[in-house]
Visitor: 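Pasting a structure below so you can have a look.
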Amino acid sequence: NTCSTNMRLKLPITCFILEIILIILFGTLVQYDHETDAKQWHNQSHEDYENDFYFRYPSFQDVHVMIFIGFGFLMTFLQRYGFSSVGFNFLIAAFALQWATLMQGFFHGLHGGKIHIGVESMINADFCTGSVLISFGAVLGKTSPVQLLVMAMFEVTLFAVNEFILLSILGTRDAGGSMTIHTFGAYFGLMVTRVLYRPNLDKSKHRNCSVYHSDLFAMIGTIYLWMFWPSFNSAITAHGDDQHRTAMNTYYSLAACTLSTYGMSALTAHDGKLDMVHIQNAALAGGVAVGTAGEMMLTPFGSMIVGFLAGVISVLGFKYLSPILEDKLKIQDTCGVHNLHGMPGVLGAIVGAVTAALASTDVYGGGLSDVFPDVASGDVTATKQGGIQAASLAVTLGIALLGGLIVGFILKLPIFGAPPDTICFEDSIYWEVSCEIIILYILYFFQSDLQVKC
Amino acid sequence: NTCSTNMRLKLPITCFILEIILIILFGTLVQYDHETDAKQWHNQSHEDYENDFYFRYPSFQDVHVMIFIGFGFLMTFLQRYGFSSVGFNFLIAAFALQWATLMQGFFHGLHGGKIHIGVESMINADFCTGSVLISFGAVLGKTSPVQLLVMAMFEVTLFAVNEFILLSILGTRDAGGSMTIHTFGAYFGLMVTRVLYRPNLDKSKHRNCSVYHSDLFAMIGTIYLWMFWPSFNSAITAHGDDQHRTAMNTYYSLAACTLSTYGMSALTAHDGKLDMVHIQNAALAGGVAVGTAGEMMLTPFGSMIVGFLAGVISVLGFKYLSPILEDKLKIQDTCGVHNLHGMPGVLGAIVGAVTAALASTDVYGGGLSDVFPDVASGDVTATKQGGIQAASLAVTLGIALLGGLIVGFILKLPIFGAPPDTICFEDSIYWEVSCEIIILYILYFFQSDLQVKC
Amino acid sequence: NTCSTNMRLKLPITCFILEIILIILFGTLVQYDHETDAKQWHNQSHEDYENDFYFRYPSFQDVHVMIFIGFGFLMTFLQRYGFSSVGFNFLIAAFALQWATLMQGFFHGLHGGKIHIGVESMINADFCTGSVLISFGAVLGKTSPVQLLVMAMFEVTLFAVNEFILLSILGTRDAGGSMTIHTFGAYFGLMVTRVLYRPNLDKSKHRNCSVYHSDLFAMIGTIYLWMFWPSFNSAITAHGDDQHRTAMNTYYSLAACTLSTYGMSALTAHDGKLDMVHIQNAALAGGVAVGTAGEMMLTPFGSMIVGFLAGVISVLGFKYLSPILEDKLKIQDTCGVHNLHGMPGVLGAIVGAVTAALASTDVYGGGLSDVFPDVASGDVTATKQGGIQAASLAVTLGIALLGGLIVGFILKLPIFGAPPDTICFEDSIYWEVSCEIIILYILYFFQSDLQVKC
């Protein structure tokens, strides 16, 4: 029965407890940084335009759109799960960005026991949230909002740990998050969905597909992610040439990726027809794949090669690998995050390692200290930096898979109100749905008859 | 009969006369300011990046998206009123921003008999337009485009009067417009809809609800409003730390508000199911409620408390207060603007008054003159400033209610072509609607029969 | 039969060959400019905020949204062509922006045999892409993706030639592209669609119209184009007052245009009902019509007059001229680009010529060298500049019409897989369409019967 999915008490209790904890911790630990605090900013001598707000806020807003519109609408492709796709995306993102502020602030350095925040921490919080939403894509349609909030709580924490190990301990460079965001989010989510394997999910199979208008809604998500990915990858790189170059590399990588995606989609269809799933997802892989190397002197030429390969890999993944993962490894990956974030994230990590290993003062000049501070300072060689980058991929995969395993088992607890196998991918379990949905039901009943007649 | 709703002459005459008056007044009164005028800008010595364009234009564009996409699509939730929601929103906003330029320019200080305009006046014009669109939400589905243009003309004028009294005479601080925009727009609109009370509106009741895809379109509006609210509240605050801090306070207020909204929506439903109306609206109340105090040293902690409360109040309003307002006070508030803009606006005014009263040089340092110039200059004490803020709320409510009363009676004139009670919330009165709508009609006819069968 | 429309090999071959050529040419010819290259940027002494990224990237992103969301969704108005509208828009834009980088870079000046790129070249590439998408609007529903890619290849090349003649040889001013983008794209596309004339297109007539929700999707495109047009026209004007002024002029032109569009739409309908086609398109003509003069001292007053006229002309074009063009001249202009881009583009060119002829140091002061460098340097008089502007319109029309003629005949080659006359405006030829479309088919079959009953 569906009684266990009743959210009347579970969801309010979860939301209120989490938010009250957040408020208390913010009250105790969080302060304005020197660019948002009225007194501190005015204590020092600088021009208004030197405030980091003007360097990063436009990029922040683009990232914000990717998180809430991009991810939210990308997942509306399911015919009966649009409310949940946008709505749960909204809920867990709103929670995760607050929790991420605390976790990232805690790991990235306290100032006298306090977390200092500004636009850069807001971008980082949104980045961490993005990772949670990638995992959400893997379990889409099969989880309750309470499960998702619990998953977000653990995932944000593990994300911050992994990010701390990479960026602060190892000195890894990963401005656009090929590893920290995409690889981590994808493999964490894949392991969670593996643990939550539903043998009878085919009973909800008829709802696990798109309809015409739901695919158009999903394209809103796709296009926004595609357009703003240059801002995503460049949002926290160094000021000046670095932000500029990163945005441009990403722009060309995505453009090349789009052409290879369309080509591969037609090529792998027996009748040459394009598949919306490929266009909606694989065309974005070029952004993921230059997440690490985008800030480096990858050149537009290099970016386009990477983007081109990412599109090819991603479509092949959707076409041939996803069915294998589901049948053999019992990984039910609703949105195919392995193809959009997993493999392209790994590709991005490798590209970043190779590009880092080739870095030299000849190419970067005085800008080397922005992109590879440890190489510029002589602490490590470029080759060593490349090795660090590669090792970081292994660390990320390890933490993601192990974390996903543990969190998956936690989410199996029956108290969280997961839907039964027969009513997955269905909004009406958790949402008031207007009467019109009844019409659609009727049409489904009629459909078989009518098809015969026509 | 519907002849009176024929817009063949009424709408063109109104549009052309209004636009010609606008053009003449712009030709007579409006000039480029010193940052948009080629000669004046080049007469002075400054760097290009000091032009206010670079400080405010990204925020302006975010506000612009809120006005045209945010408000426009938020109101598409009605099943048969999508064209009018987006389309009339578009029309009255395009008119109101021109008229607001004149009215605000007139009140906010002429330069040798001329109104000087630039990006800040564009933001202010969009803000004033937002107030009109809030009132539009209250009367949505029950008014003709001519009525709406007439309402906009009067409301913009009264908005400018109220804004002048608050900002220029009283010295009130209200950068994000909790009072000037939200409280004013909501109570003005509520009074207009009260005067336009339709006793037989239940004859259009079957159209006054959403369908599945219309709720998804509305979520586009919601999410854009939510994402860009930090830009809205910070768009005209002082450069530097002020814009930065305001955006961040709003970001956290909205995040907290979202969690309390989801919690309250599930809690107040007998079966624990989330209500799209709450998510689409109440989750935004956190932005309204820090409209005044957002630029102050409210701290993220304070912002989150305010946002949390705003979400709770707003859902409770939708659930329990709106039915009472309709039944007892005869206020037919289509979009529930009282819950999204009215009560949260009042809350925002109170929060602003308290925060102002607590201001001190200890906390604000040299930044006090940016946020509270009158306190910094010693003209008033912080306590007095708090009192002024509170008094401003009363002034705003008074002007909004009295203005709405008068304008409501003007709008009752039969010449404006309002729809009859039986055909409210219906696009086909004012729009060519394609044949496909016939299919939906048919489905409605069939529905009752078919439901029995299934 | 539809075998020739099978894209299994045609599309992959086209995409892969084009992308591999692009990658090779980028590898050979393209380099970072001095603001994106790490070494060059750090070799010189400047502040981070002087990097052009901070002056233009927010505008670039707005333009990017117009290209991919604006144009893409504007064309989703067709009931069965949403996938192709957004999807082919996406494909040809992703190709065109890469190809445009090369073509524009080649014509606009090589640096030691290399093309140097940065945010300004990205904006220019998007601009050129916009021109291709305008032509796409003329042939929408009647072309295969391979045809579109071939068209884009030729059109981008001719665009760059025309742009080179105007901006580099003649010294024309056209920052917002009334001529280079809109006039060129419209007349090129009109000539292509003339050559591709389909005498039996009425066999697909029942699909060449909108449905309720497709019109709402199209409004997303319209509103985004409308909101971000100020960024479009100001994206590559000079820093400082020029960008500021251009954005503001466009803002007021569009607002005035919206009122005249609504007025004219109601006036020209026999029952006074607004037509979505007019609102979706004509309301944007004000942006096109100030594309040339927007950066000049046109004044808001002048901008509003231009916008007002553009709206009037555009609606009249849709109502009275388009049917004539189709019947008499055999120009099947699916989106009516002649009314949105053609005539308003010509108007914009004329307004630009007149405004240029009236330029003087009295009005522009030291800013004259930004807007009219040749006039400021004394190379030409203002009157002469006006003449150059007018001549540029003729050049643009000539190249567009001649180019469209030739490219149209190339596109007639049967190998490109164009759809037959009976199945135009139909997604299912080139896209996997989900089963639900069958329901719609059924409804169409039933419709005639059911209408009788009701």
Side-chain angles (χ1 to χ4, degrees), chain A residues 49-50 54-55 58 62 79 209-213 215-216 219 223-224 226-228 231 239-241 243-245 247-248 251-252 255-256 258-260 262-264 266-267 269 271-276 279 283 297 299-301 304-305 308 363-368 370-371 443 447 450-451 454, chain C residues 6-9 11-12 15-16 18-19 22-23 26-27 30 32 35-43 48-49 51-54 57-58 61 64-65 68-69 72 76 82-83 86-87 90-91 94-95 97-98 117-119 122 145 213 217 220 430-434 436-439 441-442 445:
Chain A
Y49 46 75
E50 295 179 278
Y54 303 106
F55 289 94
D62 291 350
Q79 56 178 310
C209 65
S210 64
V211 289
Y212 194 69
H213 278 137
D215 267 326
L216 274 181
M219 279 303 281
I223 301 285
Y224 270 103
W226 195 93
M227 293 186 302
F228 289 164
S231 302
H239 294 169
D241 62 300
Q243 284 195 282
H244 200 159
R245 181 173 58 249
M248 200 166 69
Y251 174 77
Y252 286 109
T258 303
L259 264 83
S260 66
Y262 273 80
M264 288 302 294
L267 188 64
D271 53 1
K273 289 188 183 177
L274 295 163
D275 188 332
M276 262 289 167
I279 308 306
M297 290 290 286
T299 76
F301 170 65
M304 287 159 73
I305 293 173
F308 187 85
V363 174
Y364 290 79
L368 191 64
D370 280 348
V371 184
L443 286 171
Q447 194 180 340
L450 292 172
Q451 270 183 294
C454 310
Chain C
N6 190 312
M7 291 287 125
R8 178 85 191 260
L9 293 176
L11 187 59
C15 287
F16 291 157
L18 288 176
E19 190 58 46
L22 284 168
I23 289 175
F26 265 73
V30 175
Y32 292 124
E35 310 206 69
T36 42
D37 186 273
K39 192 174 186 176
Q40 288 185 60
W41 177 256
H42 285 270
N43 263 353
D48 285 336
Y49 45 77
N51 194 296
D52 202 30
F53 182 77
Y54 303 106
Y57 188 70
Q61 274 297 2
H64 216 38
V65 171
F68 287 88
I69 287 283
T76 58
F83 290 8
V86 177
F90 188 20
L91 172 63
F95 164 69
L97 66 86
Q98 298 177 76
I117 60 174
V119 67
M122 288 159 67
H213 278 138
F217 277 112
I220 297 175
Y430 301 117
W431 297 86
E432 290 287 343
V433 180
S434 54
E436 161 255 22
I437 207 77
I438 294 163
I439 298 173
Y441 270 113
I442 294 163
F445 279 105

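In what follows, every heavy atom counts, from backbone to side chain, and hydrogens, waters and symmetry copies are set aside. Residue numbers start from 1 in every chain, and the chains themselves are labelled A, B, ... in the order their sequence lines are given, proteins ahead of strands.
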Visitor: Within the 4.5 Å heavy-atom criterion, are C:M7 and A:L274 side-chain neighbours or not?
Guide: no

Visitor: Classify the ring geometry of A:W226 against C:F68: parallel below 30°, tilted from 30° to 60°, perpendicular beyond 60°.
Guide: tilted

Visitor: Can you find a pair of side-chain heavy atoms, one from A:L216 and one from C:H213, that are under 4.5 Å apart?
Guide: no

Visitor: Looking at chain A, which one of C:V86, C:L91, C:L22 has the largest number of heavy-atom pairs inside 4.5 Å, strictly under?
Guide: C:L91

Visitor: Can you tell me which portion of C:I220 sits under 4.5 Å from chain A's heavy atoms? Options are side chain, backbone, both or neither.
Guide: side chain

Visitor: Heavy-atom distance under 4.5 Å to chain A: side chain of C:F90, backbone, both or neither?
Guide: both

Visitor: If you take all heavy atoms of C:L97 and A:A255, which pair is closest and at what distance?
Guide: CD1-CB, 3.8 Å

Visitor: Side-chain contact test, heavy atoms from C-beta onward, threshold under 4.5 Å: evaluate it for A:L259 versus C:Q98 and give yes or no.
Guide: yes

Visitor: I need the residue from A:A283, A:A247, A:S231 with the largest number of non-hydrogen atom pairs under 4.5 Å to chain C.
Guide: A:S231

Visitor: At a 4.5 Å cut-off on heavy atoms, which part of C:V30 comes close to chain A: side chain, backbone, both, or neither?
Guide: side chain

Visitor: Could you tell me which portion of C:Y49 (side chain, backbone, both or neither) has an atom closer than 4.5 angstrom to a non-hydrogen atom of chain A?
Guide: both

Visitor: Who wins among A:T299, A:D275, A:D62, A:I279 for the most heavy-atom pairs under 4.5 Å with chain C?
Guide: A:T299

Visitor: Below 30° counts as parallel, above 60° as perpendicular, anything between as tilted: where do the rings of C:F83 and A:Y212 land?
Guide: parallel

Visitor: For residues C:C15 and A:Y262, report the shortest heavy-atom separation together with the two atoms involved.
Guide: SG-CB, 4.2 Å

Visitor: Between A:H244 and C:Y32, does the ring centre distance come in under 6.0 Å?
Guide: no

Visitor: List the atom of C:T36, the atom of A:R245, and the distance in Å for their closest heavy-atom pair.
Guide: O-NH1, 2.9 Å

Visitor: Counting distance only, does the side-chain N/O of C:R8 pair as donor-acceptor with the main-chain N or O of A:L267 below 3.5 Å?
Guide: yes

Visitor: Between A:M297 and C:D37, is there a side-chain heavy-atom distance shorter than 4.5 Å?
Guide: yes

Visitor: Kindly assign one of parallel, tilted or perpendicular to the pair C:H64 and A:Y251, based on the angle between their ring planes and the thresholds 30° and 60°.
Guide: tilted

Visitor: Which heavy-atom pair separates A:V363 from C:K39 by the least distance, and what is that distance?
Guide: O-CB, 3.5 Å

Visitor: Report which part of C:L9 has an atom under 4.5 Å of a heavy atom belonging to chain A: side chain, backbone, both, or neither.
Guide: side chain

Visitor: Counting only non-hydrogen atoms closer than 4.5 Å, does C:D48 touch chain A with its backbone (N, CA, C, O), its side chain (CB onward), both, or neither?
Guide: both

Visitor: Which heavy atom of C:N6 sits nearest to which heavy atom of A:G272, and what is that distance?
Guide: OD1-CA, 3.8 Å

